[in-house]
Amino acid sequence: MSPGETGGRPLWHGRLDAGPADDLLAFTVSLPFDRRLAADDLAGSRAHVRMLARVGLLGEEERDAVLGALDRVERELADGELAFLPTDEDIHTAVERRVTELAGPAGAKLHTGRSRNDQVALDLRLWLRREGREVARRIHGLQEVLLRRAEEAGDAPVPGYTHLQRAQPVLLAHHLLAHLWALARDVERWRDALARADVCPLGAGALAGSSLPLDPDGVAAELGFGRRFENSLDAVSDRDFVAEALAVAALLQVHCSRLGEEIVLWSSEEFGFVSLADEYATGSSMLPQKKNPDIAELARGKAGRVIGHLAGLLATLKGLPLSYNRDLQEDKEPLFDALDTCRLTLGALTGLLATATFDLDRMRSAADDVAGAATDLAETLVGRGVPFREAHAIVGALVRRSREEGVPLVELVTAEPRLGPDAAALLEPGVAVGRRRTPGGAGPEAVAAQLDAARARLADQRAWLDVT
Ligand code: ARG
């Protein structure tokens with residue numbers, strides 16, 4: 001065995017003689033999940049090796065030998081040829097072990113001035129930088145579909161609800177855009193969180209930096225980070241960036257869940273506002289007549305899982321003394337799973353919404369429910385000088401009488417001297433929603449302006465996401 005070779009022995013074989021026990025390996029191993037960091041680990045190692053050569057800790061030949069070995073490891077990983085050993089407890093160990101086998105003594109210099117503590121923090125930041133943006137891109141895609149469906153909806157009305165009781169009619173476009181704005185905030189939260197995560201921890205070592213002439217600024221610049229860490233203890237123990245990503249993901253899933261819940265309601269026979277394309281609906285194994293909104297339900301259900309990941313990580317972090325503790329290895333699975341869940345949820349919801357059919361007639365007749373114009377009647381009285389509280393009581397009493405006595409509201413309004421036939425005209429189908437003129441309101445003019453604002457917001461997102 002050449003001097004640099006670890007040959008399946010643990011990285012700490014110099015210090016510990018016996019072991020590791022099988023139980024220890026089984027319990028501590030993270031390779032099954034952290035192999036997802038392989039590409040980022042290789043990128044980090046390349047930058048580290050080049051820096052070591054720049055500062056004179058590695059000769060040019062050694063540098064090239066290690067870079068060549070890293071390329072080879074990359075190919076072996078891609079082809080599924082890298083044979084992992086039981087002692088490869090994580091991806092960092094596996095890559096270093098293989099590089100050392102391939103490059104000999106030069107390979108054994110790869111880890112100079114570096115610890116897995118700063119290495120793993122780096123890998124995870126690199127991973128999040130790419131995957132977080134991908135999630136944001138998918139949020140953008142869902143918003144684009146919401147925008148298109150809102151544009152297509154034109155002036156079609158739908159009942160607006162509070163307490164899940166019909167309240168006032170709104171344009172369907174207005175309702176769809178409400179979800180768009182929530183998602184726009186999610187994109188901005190990703191942007192903020194990723195900007196804060198844009199710190200390179202390499203060079204912090206195990207916890208204290210190094211006596212070697214490392215160049216953390218150079219490595220940070222080469223890897224495209226905005227800046228390097230300010231404090232080595234913080235660099236290896238900070239998982240705020242993971243917690244923030246989980247918080248952003250959890251809120252995003254909550255938004256997807258609320259959208260999902262409305263699709264469940266709207267596609268029920270009771271509402272009948274939307275029907276799903278066959279490709280985006282499921283059947284029942286027993287009930288032949290069923291067409292089920294499983295995507296929408298899972299969008300709702302999976303929110304619980306991502307919220308759980310956030311709560312779990314915060315619990316992991318809350319008692320940790322500085323600096324690195326092995327507990328921190330528990331950061332990866334929740335992060336991976338949360339972002340996978342977001343990506344899948346967004347993809348499925350986007351397809352579902354792009355292909356769903358809105359039953360505009362059914363929405364219109366529900367929106368034309370005369371009681372939906374009660375507020376407009378009260379506002380008409382306000383326009384005639386009646387204090388609002390009194391106007392509210394007058395109209396409320398008419399609605400009650402109409403319900404109790406079974407008299408159409410339009411007749412009572414016509415007969416009421418303070419209202420009369422002019423006011424009764426407000427109860428005509430489609431009239432009430434047209435009167436919502438205030439900025440950000442639910443009527444056609446305000447919604448036209450809102451559509452413009454939404455288009456501008458999406459264009460701004462595209463500039464950041466670099467999508468056309
Ligand atoms: N697999 C470890 C993790 O995910 C890498 C760091 C191990 N560091 C250590 N000191 N044991 O956190």
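We use all heavy atoms of the structure for the numbers below, so side chains are in, but hydrogens, waters and symmetry mates are not.
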Point to revise | Salt bridge Arg196-Glu244, side-chain N to carboxylate O under 4.0 Å | key: yes
Q. With no hydrogens and no angle check, is any side-chain donor or acceptor of Asn231 less than 3.5 Å from a backbone partner on Leu233?
A. yes
Residues at least two apart in sequence or cross-chain that pass side-chain contact (heavy atoms from CB on, under 4.5 Å) with Ala121, listed by chain then number, are Pro201, Arg239
State, yes or no, whether a side-chain contact exists between Ile263 and Leu276 at a heavy-atom distance under 4.5 Å. yes
*Under 3.5 Å: donor-acceptor pair, side chain of Ser210, backbone of Gly113*: no
Worksheet entry | Within-4.5 Å side-chain heavy-atom neighbours: Leu259 and Leu353 | yes
Sorted by chain and residue number, the side-chain hydrogen bond (donor to acceptor under 3.5 Å, both in side chains) partners of Glu188 (sequence neighbours excluded) come out as Arg457
| query | Distance only, no hydrogens: is a donor on one side chain within 3.5 Å (strictly under) of an acceptor on the other, for Thr28 and Glu89? | reply | no
Side chains of residues 438-452: which donor-acceptor pairs under 3.5 Å do they make with residues two or more places apart or in other chains?
residue	atom	partner	partner atom	Å
Gln450	OE1	Trp181	NE1	2.9
Gln450	NE2	His174	ND1	3.0
Asp452	OD1	Arg455	NH1	2.6

Output for pair (Cys256 SG, Leu344 CG), nearest 0.5 Å, gives 11.5 Å
Hits for salt bridge (Lys or Arg N to Asp or Glu O under 4.0 Å) against Arg305, two or more places apart or cross-chain, chain-then-number order -> Asp337
Tell me if the CD atom of Glu261 is crowded by more than 12 foreign heavy atoms within 6.0 Å. yes
Residues passing the ring-ring contact (aromatic ring centres under 6.0 Å, His included) test with Tyr161, sequence neighbours excluded, are Phe271
d(Leu339 CG, Arg130 CZ) to nearest 0.5 Å is 11.0 Å
Sorted by chain and number, sequence neighbours left out, side-chain hydrogen bond (donor to acceptor under 3.5 Å, both in side chains) with Asp238 holds for Arg125
Would you list the atom pairs, donor with acceptor, under 3.5 Å between side chains in residues 166-173 and any protein atom, with sequence neighbours excluded?
residue	atom	partner	partner atom	Å
Arg166	NH1	Asp369	OD2	3.3

Is Arg258 atom CZ crowded by more than 12 heavy atoms from other residues, nucleotides or ligands, each under 6.0 Å away? no
*Return yes if some donor-acceptor pair links the side-chain N/O of Asn325 with the main-chain N/O of Leu320 below 3.5 Å, else return no.*
no
| query | Any chance the side chains of Gln119 and Arg116 put a donor and an acceptor closer than 3.5 Å? | reply | no
By side-chain hydrogen bond (donor to acceptor under 3.5 Å, both in side chains), Glu131 pairs with (sequence neighbours left out) none
Looking only at atom types and distance, does a side-chain atom of Asp118 sit under 3.5 Å from a main-chain N or O of Leu202, one as donor and one as acceptor?
-> no
Residue pairs meeting ring-ring contact (aromatic ring centres under 6.0 Å, His included), one or both in residues 196-226, sequence neighbours left out, come to none
Q.
When you measure from the side chain of Ser267 to the backbone of Val274, do you find a donor-acceptor pair of N or O atoms at a distance under 3.5 Å?
A. no
Minimal heavy-atom distance between Pro334 and Leu246, with the atoms involved, is O-CD2, 3.7 Å
Q) Is there a side-chain contact between Met51 and Glu222, using heavy atoms and a 4.5 Å cut-off? A) no
Partner of Asp340 under salt bridge (Lys or Arg N to Asp or Glu O under 4.0 Å), picked from Arg36, Arg138, Lys302, is Arg36
| query | Are there more than 12 heavy atoms of other residues, nucleotides or ligands under 6.0 Å from atom CZ of Arg137? | reply | yes
Between the CZ atom in Arg185 and the CG atom in Leu251, the distance rounded to the nearest 0.5 Å is 8.0 Å
**Any Leu85 side-chain heavy atom under 4.5 Å of Asp88 side chain** = yes
Those residues at least two apart in sequence (or on a different chain) that pass side-chain hydrogen bond (donor to acceptor under 3.5 Å, both in side chains) with Asp34 are Ser30
The side chain to side chain contact (heavy atoms under 4.5 Å, CB included) partner of Leu142 among Leu180, Thr350, Asp186 is Thr350
Residue set satisfying ring-ring contact (aromatic ring centres under 6.0 Å, His included) with His175, at least two apart, ordered chain then number -> His179, Trp266
**Message:** Given 3.5 Å as the limit, does a donor-acceptor pair link the side chain of Glu62 with the main chain of Gly59, or not?
**Reply:** yes
Exercise. Look only at the side chain of Arg228 and the backbone of Val199, and say whether a donor-acceptor pair between them is shorter than 3.5 Å.
Key: no
So the salt bridge (Lys or Arg N to Asp or Glu O under 4.0 Å) pairs with at least one residue in residues 74-86 (sequence neighbours excluded) are Arg46-Glu74, Arg72-Glu76, Glu76-Arg98
Check your understanding: Would a 4.5 Å heavy-atom cut-off, applied to side chains only, mark Glu152 and Phe358 as touching?
Key -> no
